[in-house]
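Reviewing the structure listed below.
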Number of protein chains: 4
Amino acid sequence: MSKIATPPPKRRGRQRSAAAEAAILKAAGELLARLPLCEVTTDAIAQRAGVSKATIYKWWPNKNLVALDALGASVLAQLAIPNTGSARQDFAEQLRSTIAFYSSQPGRLLRQFLAEGQNDAEFLKLFRDRFLKPRRDSLLTIWRRGVERGEIRPGVDGELVLDLIFGPMMYRLLVGHGPLDDIQATAIVDVVFSGLQKGPH
Amino acid sequence: MSKIATPPPKRRGRQRSAAAEAAILKAAGELLARLPLCEVTTDAIAQRAGVSKATIYKWWPNKNLVALDALGASVLAQLAIPNTGSARQDFAEQLRSTIAFYSSQPGRLLRQFLAEGQNDAEFLKLFRDRFLKPRRDSLLTIWRRGVERGEIRPGVDGELVLDLIFGPMMYRLLVGHGPLDDIQATAIVDVVFSGLQKGPH
Amino acid sequence: MSKIATPPPKRRGRQRSAAAEAAILKAAGELLARLPLCEVTTDAIAQRAGVSKATIYKWWPNKNLVALDALGASVLAQLAIPNTGSARQDFAEQLRSTIAFYSSQPGRLLRQFLAEGQNDAEFLKLFRDRFLKPRRDSLLTIWRRGVERGEIRPGVDGELVLDLIFGPMMYRLLVGHGPLDDIQATAIVDVVFSGLQKGPH
Amino acid sequence: MSKIATPPPKRRGRQRSAAAEAAILKAAGELLARLPLCEVTTDAIAQRAGVSKATIYKWWPNKNLVALDALGASVLAQLAIPNTGSARQDFAEQLRSTIAFYSSQPGRLLRQFLAEGQNDAEFLKLFRDRFLKPRRDSLLTIWRRGVERGEIRPGVDGELVLDLIFGPMMYRLLVGHGPLDDIQATAIVDVVFSGLQKGPH
DNA sequence: ATTTAAGCGAGACGGTACGTCTGGTCTTTAT
DNA sequence: ATAAAGACCAGACGTACCGTCTCGCTTAAAT
């Protein structure tokens, strides 16, 4: 799928057209910016890219994976990890910017990927590995620093910490049963850090 | 769509066939027990129910809403709300049983509904109102009791509390990036109640 | 089919509604005046007549027969048979007026009946007996007078004579491969009377 | 539709599958041999041909035109034009063989085409041009020779002559109000040549 | 006056063909 | 060998019409 190393650059016949790959991803990206994933057809991508459908299927097993490549794994990773000296503040800021991202067009696409993934385990795994994993690895840094600084008690798995903070956001995002703004973001981080219990803090 | 009040049970023409409706929902249910939502076709439902496709489209705008009715709003509400005297324990138990439910066949279907909802806002709203809302209303009881007993500090919105507890579960369920078992359930509730901070407890 | 003798006009239950029958035929007639037979649906007739579809099917076996009744058997018979003293002139005039009729809206309907009849022998027979038979019986008068007067040689079957005169018209009407006007009508009758042969006339 | 000139047989992509087209026409032909046109469905043709319905609709706008192609324009033209030296005899023989043809299975189909044509002017024109025109052109030869030989008086349009001979046949064929056999055929040609008038012949 | 046998409007129903659409594969010719 | 063009298969989609049916009401003859 696209990421072929091609170290021996001289094969027998016509070389793979880098132009074609680029055109496909560009076309897919442009279409996905306007339409939801399920309304973007392979034919439309091929036509807009000036490329044969067969060429698409030659390099990608299906439309969803084209979309995955089109979005670019970079997109989430680009959210830089802050370091204010407070894990709580860092997480709050990350949560806010993540919410903002998921409300943008490319963010909406990620939700659609998640939806598609419910019917395609393989695709879900790819989505997870390409988009979420790197992002979560970055976010773990905040957690690690928090533990080192003594802000966060050890004994709680970092992965779980991330889910506690970003899970509620994702839930609201997907179900849409409640608001999702900076106030909510702050409230989420507050509870996760301070707990629900009454207590001396 | 099924929920026709019909308090005046005497309309002029032929009555809507209860048998047909039941057969449709039964057929849909049986198919959905074996196949994922996206592989269940309207034709298959009609054929299995011994019913005309036109009859289905007369009463439901599309397949997804048939499935919604087929599952039955009851399914989630059936999880009884415990009352152990401890909100923390009640939530932990609920979280565990909810996880178990979502791992069952009907639970998987709910995830597919959520997926479909990402491309159909109207359907998402229906799903929310019919399945999640009643369940969440029940769960709020646990929260309310917790506040009254002094276990949970006031000032945190009940809805948010539910998302803090069930959001992480949903996230793992949909993304599948980590395990989801009783241990995780307990850990989630622990953190939400005690917080991540080091503190005197 | 409508023409029930009903000599014992006292049956047990509610009497057949003359109003309903009239409304059905009127509605069908109005629709057939605007639309081709194949685009007039039973539902449309029922709705326009303010009548239940079941009432239609109670008295007519299908839509085509309703149309047959709606048109009224009278329509063709209304073309009066002239008596100029010359069978040739009488036939010529009849041919012209028949052509004119078949170009009118009700005439077009007759062609559609003929078309339907190609797939429904029973319907064809009814159409023949109700519309064509009486008309042809009238036209035979012209032939008979011609024979009596000595204009037409005996030994040619009267039915065949009618076909020789009206067959070519019908053919052009249905196939549309050539014009059909008064000139053609005259030419047809001329040849049928004088023959193609060169001869002393 | 089928008659694509394709003199430059080199287009870029995959060529239209001759096998598919042949299979479709073969399947349609076989079905039409057993069933009336109106009972042959597009799905049945597709299935029997082992072809996708989309392929059919790609090349033909509807079922009727498939049937038109399936029958093959050749069918009527295959009736060879005799040359006995007598136009009257030639016409009589042609009329007899045409009657025989229209009583055969493919002939019945032609009548159904004519019926369909009453509701579809475009289809009627195609039917006329593909089936009737060539046949009539051939038959005109008989007329022309008759005129040249002095058997047939000039001044009567050849097209009209054909209608005078074949119109009565068609009329009886479609309406079915009288017999249609060799005796009738002979009688028709007799009258058309000799005329109805008493006269010295 | 009561029964009883229709007739009737409303409209739901099973059946089935239609023509459209999309996903993904395959073939042909050109590079 | 790969690409572009585009034909192909499979099969689901939602719509439409047909003719049947069921329901509750109305009418009028028979009791």
Atom pair CG/CD1 of Asp69(B) and Ile24(B) - distance to nearest 0.5 Å: 10.5 Å
Side-chain donor/acceptor contact of Ser52(A) with base of dA5(F) under 3.5 Å: yes
Spacing of Leu71(A) atom CG and Leu37(A) atom CG [to the nearest 0.5 Å]: 10.5 Å
Phosphate OP1/OP2 of dG7(E): any Lys58(C) side-chain N/O under 4.0 Å: yes
Polar pair under 3.5 Å, donor/acceptor by atom type, side chain Lys53(C), base dG19(F): yes
Whole angstrom value for the distance that separates C1' of dA4(F) from CD of Glu21(A): 17 Å
Closest-nucleotide 5' rank along DNA chain E - winner of Ala49(C) and Glu39(D): Ala49(C)
Whole angstrom value for the distance that separates P of dA4(F) from CD1 of Ile45(A): 15 Å
Ala20(B) side chain, from C-beta outward: closest of dG24(E), dG19(F), dG14(E): dG14(E)
Pairwise distance CD(Glu39(C)) to CG(Leu32(C)) - rounded to 0.5 angstrom: 11.0 Å
Minimum-distance nucleotide to Arg14(C) side chain [options: dA6(E), dC18(E), dT22(E)]: dA6(E)
Euclidean distance, atom CD1 of residue Ile56(C) to atom P of dC18(F) [Å, nearest integer]: 10 Å
Along DNA chain E (nearest heavy atom to each residue), the more 5'-positioned of Cys38(A) and Val40(D): Val40(D)
Nearest-nucleotide 5' precedence on DNA chain F, Asp43(C) against Ala54(D): Ala54(D)
Backbone of Leu65(B) reached by a side-chain donor or acceptor of Asn62(B) within 3.5 Å: yes
Side-chain N or O of Thr41(B) closer than 4.0 Å to phosphate OP1/OP2 of dA12(F): no
Candidates dG9(E), dC9(F), dC13(F) - which lies nearest the side chain of Thr42(B): dC13(F)
Side-chain N,O (Trp59(B)) to OP1/OP2 (dC13(E)) below 4.0 Å: yes
OP1 or OP2 of dT20(F) under 4.0 Å from side-chain N/O of Tyr57(C): no
Separation of dG14(F) P from Trp60(B) CH2 (nearest whole Å): 15 Å
Side-chain N,O (Thr55(D)) to OP1/OP2 (dA7(F)) below 4.0 Å: no
Side-chain N or O of Lys63(D) closer than 4.0 Å to phosphate OP1/OP2 of dC18(E): yes
Heavy-atom neighbours of Gln47(B) CD exceed 12 at 6.0 Å: no
Separation of dG23(E) C1' from Leu37(A) CG (nearest whole Å): 13 Å
